[in-house]
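One structure below.
Counting convention: from 1, in listed order, for ligands and their atoms alike. Computed over heavy atoms, backbone and side chain alike; hydrogens, waters and symmetry mates excluded.
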Amino acid sequence: MDSLEIKGGVPLHGDVQISGAKNAVLPIMAATLLTPEKCVIHNVPNLSDVSFMARILESLGARVRLKGGTVTVEATRVKPVGNYDLIRKMRGSICILGPLLGRQHEARVSLPGGCVIGPRPIDLHLKGVRRLGAKVSIEEGYVCAQARRLKGADVFLGGRSGPTVLGTANLMMAAVLADGVTTIQSAACEPEVVDLADFLIKMGARIEGAGSPSVTIRGVKTLHGAEHEVIPDRIEAATFAIAAAATGGEITLHGVRPDHLHAVIDKLEETGVRITQKSLTLKVAAAKKLRPVDVTTQPYAGFPTDVQAQLMSLLILAPGISIITERIFESRFMHVSELTRLGADISIEGPSAIIKGGQPLSGAPIMASDLRASAALVLAGLSAKGKTLINRIYHLDRGYENIDAKLRKLGARIRRRNTE
Ligand code: EPU
């Protein structure tokens, strides 16, 4: 199993190219199941989650070619039953439910399990497709959904923690081939939902309002092939911005959408980090004097839960008290115990982490637990004195394309070790 060895304390400098967004490309790949024609998707990051989704599409009968940042999918014929073990392993694969149901009128998709960041139910996904007329049951670990014809309906999709991103994606994909009009109220507004809608529209779908809480989908008879370029990964961009800030460096991010990063930019500026935007670039310079801040994670356009852990790795360096409140996922503080190992002073009270920043950090062997927690540990390792060894970094490869190579190019002393 690979681990990462980091010798911390080097300020990062230089330029970094941001990759395509993982959380946009996964539902877009699922959407290719909606047509027998060829779809071509560009700016696809080389990630294990993407290869995994490719294998899932193949297991459903699609022909998939992944080459140099482009994925080509031809789903001439599609089976409605996915490979149980493949699908079960990746939470994002639930978004094949909507397209299978839309095109095949039937879907058997293994129930995704919970994960370390919380229980992750799919009740809202099921509520959505039931409202369109699907019969849904859980049998032998599969979600089984069937509908001779899906019929458009008004669906309120708000849940306990607000809207659902993949639930909105799933319902949009089920509704594009349904009879009549579907409206989704309390839809997720994330840029990844908008990117999916843009792709579906290129395929011939009729969707209005994506990016707002109210989305209208007018069903069409068939969809055709399309070509699309995936949006830049706002979470990767935020992670690199924080890497510059945490190491006292200055870097320029290329190929970003600053308009997707308002909440992150605003919060970083509050800590004293200096940010300059210029069309698709973002220049990030460390704060002269880092200040503590309070932040609460929220659905888009609020501060993203997917950047919560990384921001914590910056706030442990800011002298004073910072409070991070996690409102999207129940137990997304797995990184806290490992940051404590490096010398950080953090206590958890309910949904909040109270950070007494400014303690000296020194490198240690630590363990990655999930994707964003792993990114946070890398950032902390980069700023800590001495050597940090991060084990179980396969989580990072799920969501960050060549993170170690990109950081090395910025001057970081980081190398991958095979510890087997
Ligand atoms: N929820 C329900 N019922 C549902 C669905 C969700 O109660 O049927 C709850 C969840 O438990 C959570 C909240 O609603 O409390 C929001 O979850 P959401 O459904 O929006 O999450 P998701 O769509 O499963 C995507 C991203 C996550 C990201 C969240 C929130 C992908 C593949 N995953 O998950 O990304 O954290 O939206 O923005 O798009 C990551 O990239 O590290 C990651 C975890």
Hydrogens and angles aside, do His105 and Gln146 bring a side-chain donor and acceptor to less than 3.5 Å of each other?
no

Evaluate Leu124 for polar contact with ligand 1, using N/O atom pairs at a separation under 3.5 Å.
yes

Ion pair Glu58/Arg55, N-O distance below 4.0 Å:
no

From CD1 (Ile18) to CZ (Arg257), nearest 0.5 Å
14.0 Å

Identify the closest protein heavy atom to atom 9 (C) of ligand 1: which residue and atom is it, and at what distance?
Ser161 OG, 4.6 Å

Interatomic distance, Leu4 atom CG to Arg415 atom CZ [nearest 0.5 angstrom]
10.5 Å

Salt bridge or not for Glu269 and Arg291, using N-O below 4.0 Å?
no

Identify, for atom 42 (O) of ligand 1, the protein heavy atom at the shortest distance, and state residue, atom and that distance.
Arg372 NE, 2.9 Å

To which protein heavy atom is atom 44 (C) of ligand 1 closest, and what is the distance rounded to 0.1 Å?
Arg332 NH2, 3.5 Å

With a 4.0 Å cut-off, would you call Glu5 and Arg417 a salt bridge?
yes

Which atoms of ligand 1 have any heavy atom of His125 under 4.0 Å away?
8 (O)

Spell out, as yes or no, whether a donor-acceptor pair under 3.5 Å connects the side chain of Lys22 to the backbone of Glu236.
no

Could you tell me the residue and atom name of the protein heavy atom closest to atom 23 (O) of ligand 1, and the distance to it rounded to 0.1 Å?
Leu166 N, 2.8 Å

Atom 3 (N) of ligand 1 - nearest protein heavy atom and its distance
Asp123 OD1, 2.7 Å

What one should report as the nearest heavy-atom pair of Cys95 and Met53 is SG-CE, 4.0 Å

Going by distance only, is there an N or O of Glu190 that falls short of 3.5 Å from an N or O of ligand 1?
no

When you measure from atom 26 (C) of ligand 1 to every protein heavy atom, which one gives the shortest distance, and what is it?
Asn23 ND2, 3.6 Å

Nearest heavy atom to atom 20 (O) of ligand 1 wins, so pick from Thr305, Asp370, Val165.
Val165

Taking both backbone and side-chain atoms of Thr164, is any N or O found less than 3.5 Å from an N or O belonging to ligand 1?
yes

With atoms numbered from 1 as shown, which atoms in ligand 1 lie under 4.0 angstrom from a non-hydrogen atom of Ile122?
4 (C), 8 (O)

Got an N/O contact under 3.5 Å between Leu371 and ligand 1?
no

Under 4.0 Å, counting heavy atoms only: does Pro121 come that close to any atom of ligand 1?
yes

Which ligand 1 atoms does Lys22 reach within 4.0 Å, using its non-hydrogen atoms?
40 (C), 41 (O)

Ignoring hydrogens, tell whether any protein atom lies closer than 4.0 Å to atom 31 (C) of ligand 1; use the non-hydrogen atoms only.
yes

First locate atom CG of Leu177, then atom CE of Met203, and finally report the distance between them rounded to the nearest 0.5 Å.
8.0 Å

Ignoring angles and geometry beyond distance, decide whether Phe329 reaches within less than 3.5 Å of ligand 1 through its nitrogen or oxygen atoms.
no

Which atoms of ligand 1 have any heavy atom of Arg91 under 4.0 Å away?
24 (O)

Can you tell me which residue and heavy atom of the protein come closest to atom 43 (C) of ligand 1, and the distance to 0.1 Å?
Asp306 OD1, 3.4 Å

Looking at ligand 1, does any of its N/O atoms fall within less than 3.5 Å of an N/O of Leu26?
no

Other residues, nucleotides, ligands: >12 heavy atoms within 6.0 Å of Arg408 CZ:
yes

Would you check if there is a donor-acceptor pair between the side chains of Arg234 and Tyr300 at a distance under 3.5 Å?
no

Judged by heavy atoms only, the candidate from Ile328, Leu126, Asp49 nearest atom 12 (C) of ligand 1 is Ile328

Only residue of His42, Arg65, Met29 satisfying side chain to side chain contact (heavy atoms under 4.5 Å, CB included) with Val71 is Met29

Taking atom NZ as the centre, does Lys356 end up with more than 12 heavy-atom neighbours from other residues, nucleotides or ligands that are less than 6.0 angstrom away?
no

For ligand 1, is Arg398 a contact, meaning one of its heavy atoms is under 4.0 Å away?
no

Please state which protein non-hydrogen atom is closest to atom 22 (P) of ligand 1 and give its distance, to 0.1 Å?
Arg120 NH2, 3.7 Å

Glu330 heavy atom under 4.0 Å from ligand 1:
no

Which heavy atom in Glu229 sits nearest to a heavy atom in Asp195, and how many Å separate them?
O-OD1, 4.2 Å

